[in-house]
Amino acid sequence: MAILSVMKRKAYMVMKVRTFKYFFAEGVRSIWINRLMSLASIGTVTACLLIFGLFVLFSINLNYIGNQIQAQCEIQIFLDEDISDRRIEEIGVRIRNDKNVSSCVLETKEQALENFKTQLEDDADLLDGLEQDNPLRDSYKVTLNDIKAADEFIKRVEDMDGVAEVTNRKKILDSIIRITDFIRNLSFWSMLLLAVISVFIISNTIKLAVFARRKEISIMKFIGATDSFIRWPFVIEGMIIGLIGTIIAFGIISYLYNYSLNVIANVMDIFKFKSFAEIYHGLLGVFIILGMVIGMLGSAISLRKYLKV
């Protein structure tokens, strides 16, 4: 009985493999026979994924730039004039131990004067003689992990003994928060809308291909073919179309993105952009899944009407 059971399992596996080979061969054959319609479907998949991919890359870099802007928005903490070196160090330790602090750098009044001279450039000689009676103060320049919590952090710092003033640039910080939140929300909803539109367009394109072969499907139904036997070659056809469209779209995206980065690098270097090497793994995975699933669902949904014979 055990030997018979093993033989049955092997026969079942062989049959499954042969059936899959048949479905795959039929899917490829169908693509070739209906190559004009298949090219239209591939073109639609490519176009939709191309638009989707460009928008994803644009959104990723907008958020990346937003994070850079946030990181550049420093909070400057000015210390009392007669504060001791020990107290300066104690304040620095407390600030660095704050969970919301990303970086904390001490700028002495001597360093502040030199930086001021550098900013004045040709007019730096106006500050000559201030080295002996420096009116500037020691300060800490702080960047936060989350600028939304800037008010709470500033309140904690202002209560410290030895802190004279905190410049918080609240208006600038609030503007940056609003802009970055708007970018994130716009990116999410736009990508969701574009994905729905892509599914609709591709499903209808594949539906045209199924409509052109409705007689073939009806004949197969009348001679006793099961729904799954009829459906799978079309599903595999849709998946292949989606995969081909994915490969083409990804190749175009990678070329355009790298070319654009080179052009931008030669024009300006104010902000950094994500390199394609940093994001292509995730993007490729999303492309493959989205392309194949859209093609597969498009075929499956389009067949429902013609399987009801």
Legend entry - Validation row: Phe276, Ile253 side chains within 4.5 angstrom (heavy atoms): yes

Legend entry - Asp98 and Val157, any side-chain heavy atoms less than 4.5 Å apart: no

Inter-residue atom distance [X].[atom1] - [Y].[atom2], 0.5 Å rounding:
X: Ile247; Y: Ile42; atom1: CD1; atom2: CD1; value: 10.0 Å
X: Glu81; Y: Leu136; atom1: CD; atom2: CG; value: 10.0 Å
X: Met160; Y: Ile91; atom1: CE; atom2: CD1; value: 7.0 Å
X: Asp138; Y: Ile88; atom1: CG; atom2: CD1; value: 4.5 Å
X: Phe287; Y: Thr46; atom1: CZ; atom2: OG1; value: 10.0 Å
X: Asn100; Y: Thr143; atom1: CG; atom2: OG1; value: 9.5 Å

Inset, instruction - With sequence neighbours left out, write down each residue that passes side chain to side chain donor-acceptor pair (under 3.5 Å) with Lys141, or none if nothing qualifies. - result: Glu107

Inset, instruction - List for me each residue that meets side chain to side chain donor-acceptor pair (under 3.5 Å) alongside Glu278, sequence neighbours excluded, and say none if there are none. - result: Ser275

Could you pull out the closest heavy-atom pair between [X] and [Y], with the gap in Å?
X: Ser102; Y: Asn145; value: CB-OD1, 3.3 Å
X: Leu49; Y: Ala249; value: CB-CB, 3.8 Å
X: Gly291; Y: Thr246; value: CA-OG1, 3.6 Å
X: Val142; Y: Cys104; value: CG2-SG, 4.1 Å
X: Asp80; Y: Val163; value: OD1-C, 4.0 Å

Inset, instruction - Could you point out which residue of Val235, Ile241, Ile240 forms a side-chain contact (heavy atoms from CB on, under 4.5 Å) with Glu237? - result: Ile241

Legend entry - For Tyr259, the option from Leu261, Leu256, Val263 that meets side-chain contact (heavy atoms from CB on, under 4.5 Å): Val263

Inset, instruction - Report yes or no: do Ile264 and Tyr255 belong to one cluster of Ile/Leu/Val/Met/Phe/Trp/Tyr joined by side chain heavy-atom distances under 4.5 Å? - result: yes

Inset, instruction - Determine, using the 4.5 Å side-chain heavy-atom cutoff (strictly less than), whether Phe78 and Phe153 are members of one ILVMFWY cluster. - result: no

Inset, instruction - Take Glu90 and Arg87 through the salt bridge (Lys or Arg N to Asp or Glu O under 4.0 Å) test and state the conclusion after the steps. - result: CA-CA 5 Å; Glu90 289 174 352; Arg87 183 56 188 161; 3.0 Å; yes

Inset, instruction - Determine, step by step, whether Leu79 and Arg137 satisfy the side chain to side chain contact (heavy atoms under 4.5 Å, CB included) criterion, reporting the C-alpha distance in whole Å, the side-chain angles of both residues, the deciding distance to 0.1 Å, and the verdict. - result: CA-CA 6 Å; Leu79 308 178; Arg137 297 184 181 186; 5.9 Å; no

Legend entry - Stepwise side-chain hydrogen bond (donor to acceptor under 3.5 Å, both in side chains) test for Ser139 and Gln76: CA-CA 7 Å; Ser139 66; Gln76 195 158 8; 3.0 Å; yes

Inset, instruction - Quick one: do Asn61 and Tyr257 satisfy side chain to side chain contact (heavy atoms under 4.5 Å, CB included)? Show the steps, please. - result: CA-CA 11 Å; Asn61 280 290; Tyr257 188 75; 2.9 Å; yes

Inset, instruction - Measure from the side-chain N and O atoms of Asn262 to the backbone N and O of Asn258, and report whether any donor-acceptor pair falls under 3.5 Å. - result: yes

Inset, instruction - Verify the neighbour count for atom CZ of Arg96: are there more than 12 heavy atoms of other residues, nucleotides or ligands below 6.0 Å? - result: yes

